[in-house]
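Hydrogens, waters and symmetry mates play no part in the numbers below; they use all other heavy atoms, side chains included.
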Amino acid sequence: MLFLLLAVIVGVGIIVAVALVATNGDGDQDKKSPTESSGSTGSPTPSFSIPSELPSELPSLPSELPSELPSLPSELPSGLESLIPSLADDEVPFYLLRTGDCFDTNDSLPGQAAKRSCGTPHDAEVVKVAELNGSYTTEAALKKAASALCEAPLERKAAQQPTGTVRGTLVQYPDPGGYEIGIDNVACSLAADIGSGTHKLTKPLA
């Protein structure tokens with residue numbers, strides 16, 4: 001209602017301004033006295049009425065917000081808790097590793113990696129991070145697909161290393177639950193040793 005009234009007022013102002021320009025634009029030479037006629041019958045001047053007051057009250061807004069907002073779940077679904085473990089400062093889930101990262105492994109936590117400087121003793125180095133595509137619903141299917149993605153790049157990189165530098169490979173991939181929610185990275189790494197061996201890498205791979 002307020003915007004409509006202001007528009008009417010502005011519109012009337014424009015009409016009045018045009019009328020003033022039209023009657024005063026000829027200069028002093030053509031002015032006529034109030035009693036002179038222009039020789040034509042004048043049309044009645046339209047009249048406009050403008051409301052003298054705006055509405056005294058505008059619609060009011062709610063005075064209070066809801067006292068309680070919807071609460072978020074206090075616990076993550078059980079399938080996600082294993083994917084977001086409580087990690088030490090230098091530990092990351094395998095799917096956050098990047099090519100060239102060096103890390104130590106933990107047999108009891110195969111999905112995690114403790115990042116290390118490549119200039120200090122470490123278990124493995126990431127050669128490539130690949131991405132799974134397709135429909136996989138079993139652990140066996142995911143393992144097969146991940147191994148296929150890593151096979152060629154790991155073989156090429158291993159062939160470039162001095163004899164005895166690397167003794168194994170490490171392929172880390174999501175389980176079916178992780179893959180279903182969108183974790184599709186595969187970390188392809190060369191390892192200093194296999195099993196319970198104690199051999200370490202001490203510098204970046206060649």
task: Look at Arg167 together with Asp193 and state whether they make a salt bridge at an N to O cut-off of under 4.0 Å.
output: yes
task: Mind listing the closest non-hydrogen atom pair of Tyr179 and Leu132 along with its distance?
output: CE1-CB, 3.7 Å
message: Hydrophobic clusters here meaning ILVMFWY residues chained together by side-chain heavy-atom distances under 4.5 Å, can you tell me if Leu170 and Leu154 are in one?
response: no
- prompt: Would you say the side-chain atoms of His199 pair up with the backbone N or O of Gly197, donor to acceptor, closer than 3.5 Å?
  reply: no
Residues Asp104, Lys200: salt bridge by 4.0 Å N-O rule: yes
query: If you measure from SG on Cys118 to CZ on Phe103, what distance do you get to the nearest 0.5 Å?
result: 10.0 Å
field: Point-to-point distance, once rounded to the nearest 0.5 Å, from CD of Glu139 to OH of Tyr173
entry: 4.5 Å
- prompt: Once you round to the nearest 0.5 Å, how far does CG of Asp101 lie from OG of Ser189?
  reply: 9.0 Å
- request: Take Glu131 and Val186, measure what side-chain contact (heavy atoms from CB on, under 4.5 Å) needs, and give me the verdict at the end.
  value: CA-CA 6 Å; Glu131 187 174 298; Val186 177; over 6 Å; no
statement: Here the gap from Glu155 atom CD to Thr169 atom OG1, rounded to the nearest 0.5 Å, amounts to 9.5 Å
- prompt: Closest approach of Pro153 and Val127, non-hydrogen atoms and distance?
  reply: O-CG1, 4.0 Å
message: For the backbone of Pro110 and the side chain of Gln172, can you confirm whether one donor and one acceptor N or O come within less than 3.5 Å of each other?
response: yes
query: Can any side-chain N or O of Gln161 pair as donor or acceptor with the backbone N or O of Ala206 at less than 3.5 Å?
result: yes
- prompt: Got a second to check how far Lys203's NZ is from Ser117's OG, nearest 0.5 Å?
  reply: 14.0 Å
statement: Here the pair of heavy atoms bringing Thr165 nearest to Leu201 is O-CD2, 3.3 Å
query: When rounded to the nearest 0.5 angstrom, what is the spacing between OG1 in Thr105 and CZ in Phe94?
result: 14.5 Å
Donor-acceptor under 3.5 Å (Tyr95 side chain, Val92 main chain): no
message: Testing the basics here: between Lys128 and Thr99, what is the closest heavy-atom pair and its distance to 0.1 Å?
response: CA-OG1, 3.7 Å
- prompt: Does one hydrophobic cluster hold both Val171 and Val166, with members joined at side-chain heavy-atom distances below 4.5 Å?
  reply: yes
query: Is the backbone N or O of Lys143 less than 3.5 Å from a side-chain atom of Ser147, with the two atoms forming a donor-acceptor pair by type?
result: yes
